[in-house]
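Ligands are counted one by one from 1 in listed order, and the atoms in each one are counted from 1 as well.
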Amino acid sequence: MTHLAANGGSPIRLQQWPAWPAPAPSALNALNEVLHSGRWAISGPYQGKQSFERRFAEAFAAYHEIAHCVPTASGTASLMVALEACGVGAGDEVIIPGLTWVANASTVAGVNAVPVPVDVDPLTLCLDPAAVERAITPRTAAIVVVHLYSAVADLDALTAIAKRHDVALIEDCAQAHGARFRGRRVGTFGAFGTFSMQHSKVLTSGEGGAVITGDGALSRRAEHLRADGRTYTAHEPAVGEMELDQTAELMGSNRCLSEFQAAVLLGQLELLDEQNERRRANAALLDDGLGALGIRPQVSSPGTTERTYYEWAGRIEDDEIGQLGVGPIASAVAAELSGAGIYTSYPPMNHNRLYRPASRSRFKAVAGLDLTGYSLPVAEDAGRRVVTVHHSALLGDESDAKDIVRAFEKVFTHHRELRG
Ligand SMILES: *Cc1c(COP(=O)(O)O)cnc(C)c1O
């Protein structure tokens, strides 16, 4: 007799989940305005109006109460711009978390530096400051900290370490738009905060990104790096002229956000706080309900004053269930819930199948890019035991959160059906 939907039983829920992404009410008008504006990119001629890209940069900087924002084409682009603006390059080492999306390793290799994965804290799943301290060498040029899933990393300890060793701290906030630490938005604690606005993130335009900084000189470097060595002119151009000035202060690459993406982001940003709040309320229900089933919720570092949820994450503590591996559990729970985003954690960076520098000619001559020799026991454990719930499943109401708990409960009760 089969109970689990994964094995052909009936699912506990057929109802759809809140749609993601969902456009802001202003999106259609804004997109229409761009379509007929004569300017689809900041590298197109000036049309007598502030670009959407500039408008978004000002709104995003104001949201963070920081002086500068430079939008970019993606989160990946934002990381490369931040690293290069900080002077990171050939011969440098960059400390990254052992548990994160592949982009944190590939972007370091992408600026000709070497990623050094460091283990994470078992409770927060973010960089372990003591392990960071041990990994610092005379070649360390930067630390990239990721505020992973729903946690803020230990910024007290990490800012102190970066300062003591005189290395740049870059905060990757691709999963933490809107979170606060000691009352301040994350992304404002290091040299740069970097963001992704890719489809899955809590603020999105399909693809997109941004860096923020309080430092005017770093911001100017970032502007050049993302627009082929050009920056906005100091004076308003005539209609039909370029608004980007070829200062050539620094060679860049084209990593610009388009006007369509910026127009969408302006509307989405207005929804962010309310959506983050709704996710927080539903996440609290998962903390209680899934906690009672023996899934230990991820916690955020002391000093966190506002948490945001890109994913709800928790570790399966029961050894018998845990030994099944989190993959079959996540699939079985997803099968009960008609398409809710139930996933495994990232694999540890020493065994990440997407990280394959040897597969590209440009990396063949670089030493130190093979990360398989690192030992990352906490990240490795997370890869086997941590299950995540995507934020789109947290945008509903209390009954949706209860369905998620019921699905886990059912799969745990009948977990033996998953042993082939
Ligand atoms: C999504 C993500 C990125 C990459 O962003 P893209 O916009 O997909 O390039 C980088 N770091 C983290 C932590 C992410 O979650």
Side-chain angles (χ1 to χ4, degrees), residues 20-21 56 60 69-84 94-111 115 117-118 120 124-127 142-153 155 158 169-179 186-187 189-190 192-212 222 225-226 253-258 260-262 264-265 268 279 298 300 308-313 341 343-349 352 354-355 379 382-383 386 388-392:
W20 185 265
F56 172 69
F60 204 57
C69 169
V70 180
T72 59
S74 66
T76 299
S78 74
L79 284 163
M80 292 180 71
V81 163
L83 287 163
E84 287 206 79
V94 176
I95 290 173
I96 61 164
L99 186 72
T100 182
W101 179 239
V102 66
N104 290 111
S106 59
T107 51
V108 172
V111 301
V118 159
V120 294
T124 67
L125 303 179
C126 297
L127 269 182
I143 300 166
V144 176
V145 57
V146 177
H147 305 302
L148 195 75
Y149 300 143
S150 72
V152 177
L155 287 171
L158 291 166
L169 182 69
I170 294 168
E171 284 179 84
D172 181 346
C173 308
Q175 306 190 2
H177 312 67
V186 299
F189 288 81
F192 279 105
T194 69
F195 294 83
S196 165
M197 281 65 142
Q198 179 268 344
H199 175 102
S200 72
K201 311 298 159 95
V202 299
L203 178 69
T204 185
S205 48
E207 300 282 4
V211 301
I212 59 172
L225 284 165
R226 67 78 201 258
S253 304
N254 180 11
R255 294 164 174 149
C256 292
L257 191 73
S258 81
F260 296 103
Q261 293 166 313
V264 169
L265 286 176
Q268 300 305 117
R279 294 183 190 106
Q298 179 189 27
S300 194
T308 58
Y309 285 81
Y310 170 63
E311 311 255 10
W312 184 94
Y343 302 112
T344 62
S345 177
Y346 298 117
M349 202 53 87
N352 190 314
L354 295 178
Y355 180 76
V386 170
T388 68
V389 180
H390 187 247
H391 69 83
S392 51

At under 4.0 Å between heavy atoms, which part of [X] makes contact with ligand 1: side chain, backbone, both or neither?
{"X": "Val146", "value": "side chain"}
{"X": "Lys201", "value": "side chain"}
{"X": "Leu148", "value": "neither"}

Considering only heavy atoms of [X], which atoms of ligand 1 have at least one such atom less than 4.0 Å away?
{"X": "Gln198", "answer": "7 (O), 8 (O)"}
{"X": "Gly75", "answer": "5 (O), 6 (P), 7 (O), 9 (O)"}
{"X": "Trp101", "answer": "2 (C), 3 (C), 4 (C)"}
{"X": "Gln175", "answer": "13 (C), 14 (C), 15 (O)"}
{"X": "Ser74", "answer": "7 (O), 9 (O)"}
{"X": "Asn104", "answer": "11 (N), 13 (C)"}
{"X": "Ala174", "answer": "2 (C), 11 (N), 12 (C), 13 (C), 14 (C), 15 (O)"}

Mutual orientation of the aromatic rings belonging to Tyr346 and Trp101 [parallel < 30°, tilted 30-60°, perpendicular > 60°]:
tilted

Taking His391 for its side chain and Tyr149 for its backbone only, find out whether a donor-acceptor pair lies under 3.5 Å.
no

Heavy-atom donor-acceptor pair, Gln261 side chain to Met197 backbone, under 3.5 Å
no

So which protein heavy atom does atom 10 (C) of ligand 1 come closest to, and at what separation?
Asp172 OD2, 3.5 Å

Considering only the protein, which heavy-atom contact is closest to atom 9 (O) of ligand 1, and what is its distance?
Thr76 OG1, 2.5 Å

Run the numbers on Arg279 and Thr308 for side chain to side chain contact (heavy atoms under 4.5 Å, CB included), then give the verdict.
CA-CA 8 Å; Arg279 294 183 190 106; Thr308 58; over 6 Å; no

Could you go through the side chain to side chain contact (heavy atoms under 4.5 Å, CB included) check for Leu203 and Phe60 one step at a time?
CA-CA 11 Å; Leu203 178 69; Phe60 204 57; 3.6 Å; yes

Pairwise distance CG(Asp172) to CZ(Phe195) - rounded to 0.5 angstrom:
9.0 Å

Can you confirm whether the side chains of Tyr310 and Thr388 place a donor and an acceptor under 3.5 Å from each other?
no

Nearest heavy atoms of Glu207 and Leu257, plus distance in Å
O-CD1, 4.3 Å

[X] N/O under 3.5 Å from ligand 1 N/O:
{"X": "Met197", "value": "no"}
{"X": "Tyr346", "value": "no"}
{"X": "Thr100", "value": "no"}

Show the numbers, then the answer: is there a side chain to side chain contact (heavy atoms under 4.5 Å, CB included) between Leu155 and Glu171?
CA-CA 9 Å; Leu155 287 171; Glu171 284 179 84; 3.7 Å; yes

Would you please test Trp20 and Thr204 for side chain to side chain contact (heavy atoms under 4.5 Å, CB included) and show each step?
CA-CA 10 Å; Trp20 185 265; Thr204 185; 3.9 Å; yes

